[in-house]
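Read the structure below first, then the notes.
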Amino acid sequence: MNMNTNSKEPITPLSTKEGQGSGSAYFNPEIETMTREQIEALQLERLQATVRAEAGITPDDIKTLADVRKLPFTTKQDLRETYPFGMSCVPMKDCVRLHSSSGTTGNPTVILHTKNDLDEWANQVARNLWMVGLRPDDVFQNSSGYGMFTGGLGFQYGAEKLGMLTVPAAAGNSLRQIKFIKDFGTTAIHAVPSYVTRLYEVMKEEGVDPRCDTKLKVLAIGAEPHSEEQRKRIEEMMGVKAYNSFGMSEMCGPGVGFECPEQNGMHFWEDYYIVEIVNPETLEPVPDGEIGELILTTLCREAMPLLRYRTRDLTRVLGRTCPCGRNHVRIDRMKGRSDDMMVLRGVNIFPIQIEKILMQFSELASNYLITLTTDEENDNMTVEVELDRPTDDYKQLQALEKEIRRRLKDEILLTPIVKLVSKGSLPVSEGKAVRVVDKRKVYQ
Ligand code: AMP
Ligand code: ZN
């Protein structure tokens, strides 16, 4: 029996630490608006507590925050080698969940969570969603994969923690998604960006205009690299703001970094992580503004704290203050992963550079595929991209192909083969989009 059908008053109050900010722009005003000095003092204290558990390091070795550099790096390989439970720092009876990400080679990696880890993770996600204006009377549809992929349960628990009605729609089945959006009055969606563009296509086919026929006001997009141009497209299609969300299973999942309403970099929560950017070859720190590899140290994780984890993601620090009042470091959108970098004829290219150019052509839809092949001498790149509208005008198509080739050459310094294909002809994935097929590997 439910005697409280019309009320959204929480039955038990939210955590005493977070969620005190109703009426405020902040979910946790005290933490979010700390000064840099306060943030750094908290980080030092938490770092000392974290290393206490690690062999060979005593808190005395960590006198300042810069001493984090004395610590060794941790890599995905370390996680693989200790598969499944070797990295655990607590007895198994204290672990309540695991997530696993499958690599392309070798053992998968396993990430363990205590009850408290899950609670802190939910806090991070709730903080993010609150930051972009979501409140308990919102309806949150999570159109991301559930299961081992952390985008499902991670957003589920975070949105519930904030107090929203949360719809675990999961990925795919766009017609059903659209029905839910309309019938439940969904105001916010989380999905991978490539899925949002797919959802919009189906809305268009069904004659549903997200601006007039839905109550949508916020999108959270993340889990895969996407360009600023792709984000702008998504915002124009859906008629709402789309905020970039960064997550990684090894850190917890989504929640690690999220854009504030300024949309000028993602705030990485420094009460939870120490953020470093290093040169991926020398492993020395790079100055703010310079691109390097993102290194993260967890500060609040119990089951599997990780010191100086090499994420392989390439990005840079944009700033450490923000007009929104949060002084947690602002990190630029990911340029890609060092493992995604394609080397063709000696030139280093990231898929996102290609996406950035393609998205500037209104004649093109959002789905594209890059294929790398080798003939006798040379590596070749073919870029297939879907046309937004069908056309028989051969001359116009040729001119468009030529112009795309020219613009791509300016960006990546070599001329790819460009193929314009009809909408719906390239593969779509329900999870993270596959943008590159490297057929050269066969010959290497
Ligand atoms: P997983 O933990 O397997 O879900 O994957 C984590 C990885 O997804 C990160 O290391 C990034 O490479 C990628 N990723 C997650 N969020 C974003 C984002 N907002 N932008 C770009 N890449 C992302
Ligand atoms: Zn901000």
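Indexing begins at 1, ligand by ligand and atom by atom, following the structure's order.
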Quiz item: Regarding Y146 and Q156, is there a side-chain donor-to-acceptor distance under 3.5 Å anywhere?
Solution: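 Yes.
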Practice problem: Consider only side-chain N and O atoms of H226 and R333, and report whether a donor and an acceptor are under 3.5 Å apart. | Solution: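 Judged by distance alone, the side chains do pair up.
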Quiz item: So which of R330, K241, R231 actually passes salt bridge (charged side-chain N to carboxylate O under 4.0 Å, His left out) with E259?
Solution: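 Result: among R330, K241, R231, R231 is the only option passing the salt bridge (charged side-chain N to carboxylate O under 4.0 Å, His left out) with E259.
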Shortest protein contact, [atom] (heavy atom only):
{"atom": "atom 8 (O) of ligand 1", "result": "K432 NZ, 3.0 Å"}
{"atom": "atom 10 (O) of ligand 1", "result": "D313 OD2, 2.6 Å"}
{"atom": "atom 20 (N) of ligand 1", "result": "E224 O, 3.4 Å"}
{"atom": "atom 13 (C) of ligand 1", "result": "A223 O, 3.6 Å"}

Quiz item: According to the interplanar angle, ranging from 0 to 90°, do the rings of F258 and F155 count as parallel (below 30°), tilted (30 to 60°) or perpendicular (above 60°)?
Solution: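 It falls in the tilted class, 30° to 60°.
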Exercise. Kindly confirm or rule out an N or O of H226 lying under 3.5 angstrom from an N or O of ligand 1.
Key: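 No, since none of the N or O atoms of H226 sits under 3.5 Å from an N or O of ligand 1.
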Exercise. Return yes or no for this condition: an N or O of N244 is under 3.5 Å from an N or O of ligand 1.
Key: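 In this structure, N244 places an N or O atom under 3.5 Å from an N or O of ligand 1.
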Quiz item: Which atom, among the N/O/S set of H267, is closest to the Zn ion (ligand 2)?
Solution: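 That would be atom NE2.
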Self-check item: Residues K76 and E250 bridged, charged N to O under 4.0 Å
Solution: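 Salt bridge between K76 and E250, a charged N being under 4.0 Å from a carboxylate O: yes.
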Can you list the atoms of ligand 1 that are under 4.0 Å from a heavy atom of [X]?
{"X": "G247", "value": "6 (C), 9 (C), 15 (C), 16 (N)"}
{"X": "G222", "value": "19 (N)"}
{"X": "M248", "value": "2 (O), 6 (C), 10 (O)"}
{"X": "F149", "value": "4 (O)"}
{"X": "S249", "value": "1 (P), 2 (O), 3 (O), 4 (O)"}

Self-check item: Angle in degrees, rounded to 10°, that SG of C324 and SG of C322 form at the Zn ion (ligand 2)
Solution: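 That angle works out to 100° after rounding to 10°.
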Side chain of [X], backbone of [Y]: donor and acceptor closer than 3.5 Å?
{"X": "R80", "Y": "T109", "value": "no"}
{"X": "Q177", "Y": "A170", "value": "yes"}
{"X": "Q353", "Y": "F350", "value": "yes"}
{"X": "E355", "Y": "S227", "value": "yes"}
{"X": "Q38", "Y": "T35", "value": "yes"}

At a non-hydrogen distance cut-off of under 4.0 Å, which region of [X] contacts ligand 1 (side chain, backbone, both, or neither)?
{"X": "R333", "value": "neither"}
{"X": "P254", "value": "neither"}
{"X": "M334", "value": "side chain"}

